[in-house]
Amino acid sequence: MPSQTLQTQPYTVRRGLYVLGQGIRRSPKAFALAVVGSALYGVMTAGTAWALGRVTADVVEPAFRAGTVTAGQLARGGGLMAAVAVLLTIGVVVRRVAAGFTVYDLGAIYRRQVTAQYLRLPLAWHGQHPTGQLLSNANADVEATWQVFAPTPMAIGVVVMLLVAAISMLSADPVLAVVGFCVFPAVFVVNLLYQRVMSPRVTQAQALRADVSDVAHESFDGALVVKSMGREQAETDRFAVVSHRLRDANVAVGRTRGTFDPVIEALPNLGTLVVLGVGTYRAASGSTDTADVVQVAYLFSLLSFPVRALGWVLGELPRSVVGWDRLQAVLTASGGLRHGDRTLSSGGAAGLRLDGVEYAYVEPDGTQVPVLRGVDLEVPPGRTVAVVGATGSGKSTLTTLLVRLADPDAGRVLLDGVDLREVVEGGVSATAALVPQQSFLFDDTVRGNVTLGDDALEDPDDRRVWAALRLARADGFVAALPRGLDTRVGERGASLSGGQRQRLSLARALVWTSALLVLDEATSSVDTAVEQQILAGLRRGADGAGADGSTVLVVAYRKATIALADEVVFLRDGRVRDHGTHAELSARDAAYRDLVDAYERQAADREAARLDELRDAAGPDDAVAAGPAGPAGPADAADPVDPVDADEQVTR
């Protein structure tokens with residue numbers, strides 16, 4: 001272990017100097033200004049000792065000999081000390097402001113780079129990295145990388161100060177200077193030892209920050225599961241384990257600092273005492289002047305604090321190196337989607353074709369898990385196609401390839417005969433829209449969640465927003481909200497039901513006219529009658545002009561939804577097992593028929609459980625309202641635009 005530490009130490013310093021060089025290259029002006037301010041601070045700090053020596057020689061000693069002091073002497077001494085103090089203050093202010101700007105400027109630059117890289121990298125890469133780790137990369141690691149620039153300008157000023165101080169001490173009294181110089185090697189040795197001991201402790205603490213972030217994010221993200229399953233204590237214990245590890249690592253860092261800081265601070269003070277002792281003897285023997293002794297001793301008293309800046313820089317280098325390496329792991333990651341120069345037609349529905357598409361997920365250990373195998377599919381423009389398959393058959397993976405959230409490992413995905421890999425950046429998202437099975441809403445207004453802040457969708461009457469809401473059958477409940485479109489929906493849409501959240505997500509995709517609309521079980525939480533109205537509306541188009549507005553591909557499991565499609569594609573084990581109408585597949589494919597019937601039975605069981613919950617919640621007097629007719633019965637017929645979802649009644 002000691003030999004490993006000795007080898008790691010120079011490596012850490014070299015890597016730390018490299019990181020400093022990268023930061024200086026990215027923010028040269030601010031850093032240069034900080035160095036100028038720090039150099040002025042260093043010169044004036046040493047100049048304070050020189051000025052004190054001059055005041056002692058020109059004012060204090062004559063006053064003792066004469067027994068009085070003149071106004072001119074006081075003015076000269078006070079003016080000299082004031083001038084040095086003003087320049088010293090200017091140096092401190094310039095150094096601190098410029099160094100702070102450098103730290104935050106570099107932080108802003110690299111946070112933007114990291115987040116931009118997140119947007120470029122495919123979903124497969126994100127799937128291999130926990131969200132908490134990604135948050136730590138963009139926050140804690142950026143901060144750790146560039147925090148070293150806070151003490152670095154001061155350390156440079158300290159070097160200038162030491163040079164000026166050395167010259168001043170040699171010119172004042174070479175003997176006292178040599179005595180004082182014996183202290184500085186000891187200071188540097190202690191600092192190097194401090195760095196060697198501190199480096200592994202800081203590295204471990206920085207790595208544990210990401211672990212804590214991972215566990216915390218998982219707990220917050222899965223709060224509903226944790227509370228519904230009664231796992232609060234288990235999650236608390238899991239978080240306690242990693243947080244205690246981080247605590248212990250930080251305590252080890254603090255203990256190391258607490259051990260070395262007093263030693264580093266005491267060495268210059270010991271040097272001051274030695275200089276005073278030797279200087280008093282030399283002044284008494286007439287070998288030197290009292291002013292020179294005061295000047296040299298005062299220099300050492302000033303150096304006790306600034307010299308620690310060298311230790312601060314050495315102490316920050318390990319964190320900086322660790323943070324830099326973690327950032328580079330993101331910034332140098334490969335696999336970003338490449339774009340071409342071709343454009344897609346913006347008029348009417350798009351024709352879709354898949355030729356031999358294959359795709360596999362990559363596990364963290366590098367193992368590939370095939371999901372899609374040789375998928376061939378052709379959808380004419382304006383058609384509605386339902387994709388049916390058991391869990392794990394590749395349905396959701398297929399939807400991500402259709403809107404180019406990922407590229408296939410083999411084969412091609414074409415819209416209107418154009419390979420999606422040849423389309424200009426932003427061209428696919430402007431033509432195809434995906435509504436995923438997990439609805440995500442921002443803590444924003446209804447309008448903000450539908451338009452996502454796009455100024456092109458803003459108009460005084462919100463006509464396009466309301467048109468999208470009507471097509472998604474969401475206009476009724478939105479109009480009933482306290483502030484309509486201006487109602488805030490809470491974090492992840494917490495104030496809305498599951499069906500309402502899905503309909504707002506659908507409206508978000510419909511607010512733009514898409515040539516291809518992909519629905520990945522996007523209406524699974526919506527009442528069956530409302531789902532049929534939505535799909536029928538999509539077939540007619542937003543303006544009722546017919547199905548030519550969009551080509552619709554819907555991942556479905558409800559028999560009523562599947563029956564509305566022009567064609568059904570049956571996926572099994574990542575391959576297209578069969579395709580045709582629902583009636584044709586039911587007649588000739590037993591596996592398809594068994595799967596759809598199983599889905600139907602499952603839906604019936606959920607419906608029965610829902611009715612039981614409604615009866616229990618309504619009480620005996622209102623039980624009739626939730627009778628056998630259910631949500632698709634007479635109660636819904638009275639309000640065909642926006643019948644109340646089953647989950648809305650339970651949730652709200």
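Evaluation of the side chain to side chain contact (heavy atoms under 4.5 Å, CB included) rule for Phe442 yields Phe440, Asp444, Asn449, Leu452, Arg508 as partners, not counting sequence neighbours. Here Asn139 pairs with Arg111 under the side-chain hydrogen bond (donor to acceptor under 3.5 Å, both in side chains) rule; sequence neighbours left out. For the side chain to side chain contact (heavy atoms under 4.5 Å, CB included) test, residues two or more places apart in sequence or in another chain that qualify with Tyr361 are Tyr359, Val371, Thr397. Arg26 is linked by a salt bridge (Lys or Arg N to Asp or Glu O under 4.0 Å) to nothing, counting only residues two or more places apart in sequence or in another chain. Val103 is linked by a side chain to side chain contact (heavy atoms under 4.5 Å, CB included) to Gln147, Phe149, Ala150, counting only residues two or more places apart in sequence or in another chain. Glu143 is linked by a side-chain hydrogen bond (donor to acceptor under 3.5 Å, both in side chains) to nothing, counting only residues two or more places apart in sequence or in another chain. Scanning for side-chain hydrogen bond (donor to acceptor under 3.5 Å, both in side chains) contacts around Tyr592 gives His582, with sequence neighbours left out. Residues satisfying the side-chain hydrogen bond (donor to acceptor under 3.5 Å, both in side chains) test with Arg577, not counting sequence neighbours, are Asp589. By the side chain to side chain contact (heavy atoms under 4.5 Å, CB included) test, Thr445 is found to be paired with Arg447, Arg488, residues two or more places apart in sequence or in another chain being considered.
In this structure a side-chain-to-backbone donor-acceptor pair under 3.5 Å is missing from Asp520 to Val555. For Thr145 (side chain) and Trp324 (main-chain N/O), a donor-acceptor pair under 3.5 Å exists by modelled atom type. Not one N or O on the side chain of Asp355 forms a donor-acceptor pair closer than 3.5 Å with the backbone of Gly411. A side-chain donor-acceptor contact under 3.5 Å links Gln117 to the backbone of Ala333.
Within the structure, salt bridge (charged side-chain N to carboxylate O under 4.0 Å, His left out) pairs that include any residue of residues 430-442 do not occur (at least two apart or interchain). Applying the salt bridge (charged side-chain N to carboxylate O under 4.0 Å, His left out) definition to pairs two or more places apart or across chains, those involving residues 395-404 are Arg404-Asp407. Screening residues 420-435 for salt bridge (charged side-chain N to carboxylate O under 4.0 Å, His left out) gives Arg342-Glu422, Asp419-Arg421 as the qualifying pairs, with residues at least two apart or on separate chains.
Residues Gln22 and Arg25 have side chains that bring a donor and an acceptor to within less than 3.5 angstrom of each other.
Residues Leu402 and Leu352 form a side-chain contact, since some pair of their non-hydrogen atoms from C-beta on lies under 4.5 Å apart. In this structure, the side chains of Val518 and Val435 stay at 4.5 Å or more apart for every pair of heavy atoms. Counting only heavy atoms from C-beta outward, the side chains of Leu420 and Leu415 approach each other to under 4.5 Å. Side chains of Leu372 and Leu401 form a contact here, defined as non-hydrogen atoms less than 4.5 Å apart. The closest side-chain heavy-atom distance from Trp146 to Asp105 is not below 4.5 Å. Annotation: side chain of Val569 is not in contact with side chain of Val379 (no heavy-atom distance under 4.5 Å). Between Val357 and Arg412 there is no side-chain heavy-atom pair separated by less than 4.5 Å. Side-chain contact check for Val387 versus Leu571: some heavy-atom pair is nearer than 4.5 Å.
Interatomic distance, CG of Asp141 versus CG of Asp325, reported as 10.0 Å (0.5 Å rounding). Leu327 CG to Ser320 OG: the interatomic distance, rounded to the nearest 0.5 Å, is 9.5 Å.
Screening His579, Arg383, Arg353 for a side-chain contact (heavy atoms from CB on, under 4.5 Å) involving Glu378 leaves a single residue, Arg353.
For His339, the NE2 atom counts as densely surrounded, since its 6.0 Å shell holds more than 12 non-hydrogen atoms of other residues, nucleotides or ligands.
Between Arg473 and Asp475 no salt bridge is recorded (no basic side-chain N to carboxylate O distance below 4.0 Å).
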